[in-house]
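Numbering of ligands and ligand atoms starts at 1, following listing order.
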Amino acid sequence: MGLSFETVTPLAPDYREEPYWWREAAPAPLPPAPLQTEVDVVVVGGGYTGMMAAARLAQRGLSVALLEKHELGWGASSRNGGMVHPGFKVSPGALLERYRDRGRELYRASLEAFALVEDTITTNRIECEYERTGHLHLAYKPAHVDHLEAEAQVLRQEFGVDARVLDRDALASEIGSPVYHGALLYERSGGLHPAKYFAGLARLARDGGAHLHDQTPATAIERRDRGGFVVVTPRGRFTTRDVLLATNGYSDGLVPSIRRRIIPIGSYIIATEPLSADRARGAIPNRRMLFDSKNFLYYWRLSSDNRMLFGGRASFAPTTIGSARDWLYTAMIRVHPQLAGIMVEHAWGGYVGFTFDRLPHIGRIEGITYALGYCGTGVAMSTYFGQLAADWIAGGELPGCWQRAFPGLPL
Ligand SMILES: Cc1cc2nc3c(=O)[nH]c(=O)nc-3n(C[C@H](O)[C@H](O)[C@H](O)COP(=O)(O)OP(=O)(O)OC[C@H]3O[C@@H](n4cnc5c(N)ncnc54)[C@H](O)[C@@H]3O)c2cc1C
């Protein structure tokens with residue numbers, strides 16, 4: 001599908017370049033509160049990873065201060081597509097081939113991550129429009145159908161996961177699009193409202209007694225002679241035993257060796273005006289979450305009020321929201337020609353944090369714990385890493401499959 005921009009994107013009168021999710025759950029400034037400057041743990045970064053970690057640490061009886069540069073949830077955690085599923089950028093087959101038993105454990109961990117999100121939502125009654133919709137991984141080229149078939153086999157045989165491939169004919173009952181050659185249908189996945197999910201995690205952390213500080217960038221981490229750290233911010237200095245870095249695609253120069261291992265890549269989404277029930281059903285009859293098999297993939301879904309949310313990852317070159325919006329609109333109409341003329345109400349972007357081995361990493365560097373690198377599939381894994389990092393800091397063991405070298409920039 002060569003993309004030329006012959007389509008002029010029709011914009012709604014109240015078109016806004018900010019996440020659709022912010023209409024009902026925008027990141028908002030906290031009321032001023034005194035800083036808690038002596039704590040057991042300082043968490044840097046207020047997204048799913050940091051907030052889940054803060055909630056868990058507080059629950060385990062540790063004092064914790066979470067520092068966020070902007071408003072809480074301002075990063076990818078209130079901007080994403082809200083698709084929750086197990087797995088990584090690396091396919092389950094490639095995981096087994098590359099890492100054998102360790103690869104098996106990694107995929108199993110991603111199944112646990114998905115279960116953790118569902119359990120966290122249910123147990124804590126987080127109202128985030130979660131639905132177990134299942135998802136489709138769509139074959140963009142005929143040859144991709146064979147890859148998906150191989151993946152489905154690995155999922156069924158190795159992990160007991162209900163996954164099967166639909167051919168082009170069977171696909172007609174799942175998507176109103178002439179573009180795709182088949183798809184892997186995966187039932188154990190769903191969709192949520194990402195900003196409302198984040199707000200739920202923030203409530204858990206706050207209710208548990210974590211100290212949450214927004215507009216508080218960590219600008220330096222100093223080591224203390226007697227052990228522990230001082231985390232420096234423009235608002236004050238925090239003395240702490242442990243630091244958790246949870247900054248993913250927004251990692252700045254705070255820990256330079258981490259910055260060298262994370263590649264921030266822009267991902268963009270448009271949200272249309274609400275579609276009629278018939279039009280929505282015609283495009284995605286079973287309300288599945290969808291993404292395709294291109295390298296710079298498209299991902300799309302319906303919102304609970306029947307808007308089409310259509311996203312894609314940019315190349316490494318920087319782009320503007322306006323130009324991303326135009327190529328996404330053109331792509332959306334190619335995929336769903338029946339949506340031609342539909343107006344766009346929101347367009348926005350955010351950074352995903354890529355790694356050189358396309359897997360997330362949790363570990364310690366010079367005593368600082370980090371948990372990041374979700375490569376664009378992080379709703380489930382960041383929740384899981386937040387919990388795992390907290391348990392590790394609180395004295396638990398890090399499972400062997402995560403004790404892996406964290407590759408840096410190839411020289
Ligand atoms: C457009 C888009 C669509 C996506 N769609 C999906 C999807 O559908 N499904 C899926 O699984 N994943 C998706 N993702 C990925 C997912 O959103 C992320 O993996 C996840 O939100 C990462 O959470 P996090 O807490 O690690 O990082 P973030 O939510 O990005 O939070 C990091 C925070 O750190 C803060 N920070 C940085 N430096 C400092 C500092 N020095 N001091 C204090 N604070 C600092 C930043 O301000 C930021 O708020 C998408 C991402 C984007 C951008």
Expected list for residues 243-250: side-chain donor-acceptor pairs under 3.5 angstrom, two or more places apart:
| residue | atom | partner | partner atom | Å |
| --- | --- | --- | --- | --- |
| Thr247 | OG1 | Ser251 | OG | 2.8 |
| Asn248 | OD1 | Gly373 | N | 2.7 |
| Tyr250 | OH | Tyr351 | N | 3.1 |

Indicate every side-chain donor-acceptor pair of residues 35-42 with a distance under 3.5 Å to a residue at least two apart or in another chain.
| residue | atom | partner | partner atom | Å |
| --- | --- | --- | --- | --- |
| Asp40 | OD2 | Ser63 | N | 2.9 |
| Asp40 | OD2 | Ser63 | OG | 3.3 |

Which atom pairs, nitrogen or oxygen on both sides, join ligand 1 and the protein at under 3.5 angstrom?
| residue | atom | partner | partner atom | Å |
| --- | --- | --- | --- | --- |
| ligand 1 | 5 (N) | Gly81 | N | 2.9 |
| ligand 1 | 8 (O) | Gly81 | N | 3.4 |
| ligand 1 | 8 (O) | Gly82 | N | 3.4 |
| ligand 1 | 8 (O) | Met83 | N | 3.1 |
| ligand 1 | 9 (N) | Met83 | O | 2.8 |
| ligand 1 | 11 (O) | Met83 | O | 3.3 |
| ligand 1 | 11 (O) | Gly378 | N | 2.9 |
| ligand 1 | 11 (O) | Val379 | N | 2.9 |
| ligand 1 | 12 (N) | Gly376 | O | 3.1 |
| ligand 1 | 12 (N) | Gly378 | N | 3.0 |
| ligand 1 | 14 (N) | Gly376 | O | 3.4 |
| ligand 1 | 17 (O) | Ala76 | O | 3.4 |
| ligand 1 | 17 (O) | Asn80 | ND2 | 3.3 |
| ligand 1 | 21 (O) | Ser77 | N | 3.4 |
| ligand 1 | 21 (O) | Ser77 | OG | 3.0 |
| ligand 1 | 23 (O) | Ser77 | OG | 3.3 |
| ligand 1 | 25 (O) | Tyr48 | N | 3.0 |
| ligand 1 | 25 (O) | Thr49 | N | 3.0 |
| ligand 1 | 25 (O) | Thr49 | OG1 | 3.4 |
| ligand 1 | 26 (O) | Thr49 | OG1 | 2.7 |
| ligand 1 | 29 (O) | Ala76 | N | 3.4 |
| ligand 1 | 29 (O) | Ser77 | N | 3.0 |
| ligand 1 | 29 (O) | Ser77 | OG | 2.6 |
| ligand 1 | 30 (O) | Ala76 | N | 3.0 |
| ligand 1 | 41 (N) | Ala218 | O | 3.0 |
| ligand 1 | 41 (N) | Asp252 | OD2 | 2.9 |
| ligand 1 | 42 (N) | Ala218 | N | 3.0 |
| ligand 1 | 44 (N) | Lys69 | N | 3.1 |
| ligand 1 | 47 (O) | Glu68 | OE2 | 2.6 |
| ligand 1 | 49 (O) | Glu68 | OE1 | 2.8 |
| ligand 1 | 49 (O) | Glu68 | OE2 | 3.1 |
| ligand 1 | 49 (O) | Gly75 | N | 3.3 |

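Atom CD of Glu97 has 12 or fewer neighbouring heavy atoms from other residues, nucleotides or ligands inside a 6.0 Å radius.
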ring-ring contact (aromatic ring centres under 6.0 Å, His included) evaluation trace for His137 with Phe291:
CA-CA 5 Å; His137 189 174; Phe291 51 85; 5.0 Å; yes

Can you check side-chain contact (heavy atoms from CB on, under 4.5 Å) on Phe238 and Val230, steps first, answer last?
CA-CA 5 Å; Phe238 291 78; Val230 171; over 6 Å; no

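Pairs of residues two or more places apart, or lying in two chains, that qualify as salt bridge (charged side-chain N to carboxylate O under 4.0 Å, His left out) and include a residue from residues 189-209 are Glu24-Lys196, Glu129-Lys196.
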